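One structure below.
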Amino acid sequence: MSHDAQEMSQVLRARHEKLATLRERGILAFAYSFEVTGTSIEVVASFEDLEKAGGVSADGQGTHTSLGGRIVGWRDMGKSAFAHLEDRAGRIQLYFKKDIVGAEAFEDLRLLDLGDWIGVEGTTFRTKTGEVTLRVRAWTLLTKSLRPLPFGKVEAASETGERVVHSGFADQEARYRQRYADLAVHPEVREVFRTRSRVVTELRRFLDGEGFLEVETPVLQPMYGGASAKPFVTTHHALDQTMYLRIADELYLKRLIVGGLDRVYEISKDFRNEGLSRLHNPEFTMLEWYQAFTDYNAQMDLSERMLLHVLDRVLGRRSLTLAGQAIEFSTPFPRIRFMDAVSAGLGTDVHALSDRELRARAEDLRIPDLGGAGRGKLLDKLFSALVEPGLVQPTFVIDHPKELSPLAKEHRDDPRLTERFEMYIGGAEIFNGFSELNDPLDQRARFEAQVLLKTAGDEEAQQIDEDYLRALEYGMPPTGGVGMGVDRLVMVLADQTSIRDVLLFPVLRAEE
RNA sequence: GACCCGGUAGCUCAGCUGGUAGAGCAACGGACUUUUAAUCCGUAGGUCGUGGGUUCGAGACCCACCCGGGUCACCA
């Protein structure tokens, strides 16, 4: 025992005492392995199949099976006891009877607690109350749980008959910090992360099927770029060099297009040294892909197809509920021009407004912290305030102003704009793509404009990446590229309103 | 960083205009060989976030601080 028993709470002390008793009786508290023949759900289903086929024996016995799992419920009845065992698939009821397991093994059940991992073997049957149950012939302790899990209670509401869950673990912060306990007592949380895994699998499957090559580019970079954001800064000691954690994959992936890997994608952790919010975690997962010989129109189509693929494969339907709102995915999604949307919100043509007039409009709307915002930032602020919240159904916003998009190609019909799109769902931006700027001279000019913004105090403005310009000078074919927030897509599919609820271990202030 | 709300038993919470700290669940002991929120009897469990102050007396009132949540700001 590593803790002074005096300092342990009564609850912990009771478990340590049980552990000591187990050891006195020669029972292994932390076993090495256990052979299972299936999962709880399979066992229940196969018993029901057996019933339908009339294969249950005269005394109601089904097949013999062995299962492993965690004890999540216990009802002691004296010379018999009922429990629920939870494994990766679900739950099954266990029935222990003194006459069956034997007096000694039955007595040892007293040393078990909720949260313990056990292995059981026996035959299935259906109880008087109708639940398919495993009649346990023998049980083995697999792991003693020395700290009680915060199990809640489920009850049927007296009036409506609905199942009401009384969580024993409602403190959100504690749930994030001790995600292991959150997962252990909340099957629905485990389900969110299964959904997340399936989403990522299907994104890969889709792009692989389209002939894309999955690649890996540096996380640790001597120069960061590809997005407007503040980086995390660190030091490589042997090289005595400042390094940055990547804020985007974009510039590396486009170098690969130059190199002739003409359809590439990467699923990456990106890092941005910014505030936290419902939609922002400092470390997040981004999917970026680039496809040569295509423009942003093709990439909007591809994005739609990708989204439908994921919906079909993960949910099996093309509609869902997000934060209580019904969302329908019917393609093609509406496409609205950025400047038209802002103009509509403002009730006047923004093209005709000077920078000063734009600022006055923003101030009228009480948009805070305009600071030294230039035309691009003013338009962006107006867009965020007037348009974004209304983009609940899947919608493409297209043709953003040039100042906002230093890596996007100038619009073929309007030099003030770029060929860019963002797709919004539920008021949040999830996809962002463009016809990639491949003219190295124009790219240099855009970088230089960013440097001016930086000098003017914009901390997120980009820097000149000479090596990237050198790559473009070798020649990058016309290319369409897209970045997509994987966490945010998972939020949509799993109906979660906070990014923290789709991250296993969200960023938190250090404990203590 | 700003504003609002919160911190009381392992968990969820109550605690009135200041008067000796409570409930349910969990735990522990006992009864019960088809229960499922099992039930019944009993026991134990608390530096009331921290530090000051007001008061005869503070969980409650005042001040400061710490921690958290929400909203906003920051953030393609």
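Keep in mind the model is a prediction, meaning the values are calculated, not measured. The sequence lines fix the lettering, A, B, ..., with proteins before strands; numbering per chain opens at 1.
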Could you measure between the two P atoms, the one in B/A44 and the one in B/G1, and give it in whole Å?
47 Å
First encountered from the 5' end of RNA chain B, between A/Arg500 and A/Leu276:
A/Arg500
Taking side-chain hydrogen bond (donor to acceptor under 3.5 Å, both in side chains) as the test, write out the residues that go with A/Glu131, two or more places apart.
A/His84
Considering only side-chain heavy atoms of A/Lys230, which listed nucleotide, B/U35, B/A76, B/C74, is closest?
B/C74
In whole Å, what separates the C1' atom of B/G6 from that of B/G49?
11 Å
Please measure how far the P atom in B/U54 lies from the corresponding atom in B/U12, and state the result in whole Å.
35 Å
Which value, in whole Å, describes the distance between the P atoms of nucleotides B/C40 and B/G45?
24 Å
Regarding A/Glu429, tell me which of base, sugar-phosphate or nothing describes its non-hydrogen contacts under 4.0 Å with the strands shown.
sugar-phosphate
Within this structure, what is the CD-to-P distance between A/Gln178 and B/G10, rounded to whole angstrom?
14 Å
By side chain to side chain contact (heavy atoms under 4.5 Å, CB included) - contacts of A/Thr285 (at least two apart)
A/Arg196, A/Ile267, A/Lys269, A/Val486, A/Asp487
With respect to the side chain of A/Ser228, which nucleotide from B/C75, B/U34, B/A76 is positioned closest?
B/A76
Using a heavy-atom cut-off of under 4.0 Å over every strand shown, decide if A/Phe96 touches base, sugar-phosphate, or nothing.
nothing
Just checking A/Arg420: base, sugar-phosphate only, or nothing, at a heavy-atom cut-off of under 4.0 Å?
base
Basic-acidic side-chain contact under 4.0 Å: A/Asp113, A/Arg15
yes
For A/Arg25 and A/Leu111: C-alpha separation, side-chain torsions, deciding distance, then whether side-chain contact (heavy atoms from CB on, under 4.5 Å) applies.
CA-CA 11 Å; A/Arg25 296 191 193 174; A/Leu111 299 172; 3.7 Å; yes
Same-atom distance (C1') from B/C56 to B/U39, integer angstrom
49 Å
Calculate the interatomic distance between A/Met286 atom CE and B/C75 atom C1'; express it in whole Å.
13 Å
For nucleotides 29-31 of chain B, print each protein N/O atom paired with a nucleotide N/O atom at under 3.5 Å, atom names and distance only.
{"residue": "B/G30", "atom": "OP2", "partner": "A/Arg110", "partner atom": "NH2", "Å": "2.5"}

For A/His400, which contact category applies under a 4.0 Å heavy-atom criterion: base, sugar-phosphate, or nothing?
nothing
Any base atoms under 4.0 Å from A/Glu388, or only sugar-phosphate, or nothing? Heavy atoms, all strands.
nothing
Any ion pair linking A/Arg361 and A/Asp355 (charged N to carboxylate O, less than 4.0 Å)?
no
Give none if B/G6 has no partner; otherwise give the nucleotide forming a Watson-Crick or G-U wobble pair with it, both distances under 3.5 Å.
B/C67
Does A/Arg75 make a side-chain N or O approach to OP1 or OP2 of B/U35 shorter than 4.0 Å?
no
Atom C1', compared across B/G46 and B/A23: separation rounded to whole Å:
14 Å
Phosphate OP1/OP2 of B/C74: any A/Lys381 side-chain N/O under 4.0 Å
yes
Base paired to B/U20 (Watson-Crick or G-U; both N/O distances under 3.5 angstrom):
none
What's the gap between B/C16 and B/C61 when it is taken at their P atoms, as a whole Å value?
9 Å
Have a look at A/Leu94 and say if it touches a base, only the backbone sugar-phosphate, or nothing, with a 4.0 Å heavy-atom cut-off.
nothing
Nearest heavy atom decides the nucleotide; on that basis, is A/Trp74 or A/Gln93 closer to the 5' end of RNA chain B?
A/Gln93
Whole-angstrom distance between B/U55 and B/G18, as gauged at atom P:
16 Å
With under 30° as parallel and over 60° as perpendicular, where do the rings of A/Phe431 and A/Trp289 fit, or are they tilted in between?
perpendicular
Ionic contact status for A/Arg190 with A/Asp182, cut-off 4.0 Å:
no
Just call it for A/Lys98: base, sugar-phosphate, or nothing, with non-hydrogen atoms closer than 4.0 Å on any strand.
nothing
Charged N to carboxylate O below 4.0 Å: is that the case for A/Glu86 and A/Arg91?
yes
Return the orientation label for the A/Phe338 and A/Phe383 ring planes: parallel under 30°, perpendicular over 60°, tilted otherwise.
parallel
Selection from B/C28, B/A76, B/U35 that lies nearest to any side-chain heavy atom of A/Asp113
B/C28
Please check the phosphate of B/C75 (OP1 and OP2 only) for any side-chain N or O of A/Lys377 closer than 4.0 Å.
yes
Atom pair distance, as rounded to whole Å: OH in A/Tyr95 and C1' in B/U35
9 Å
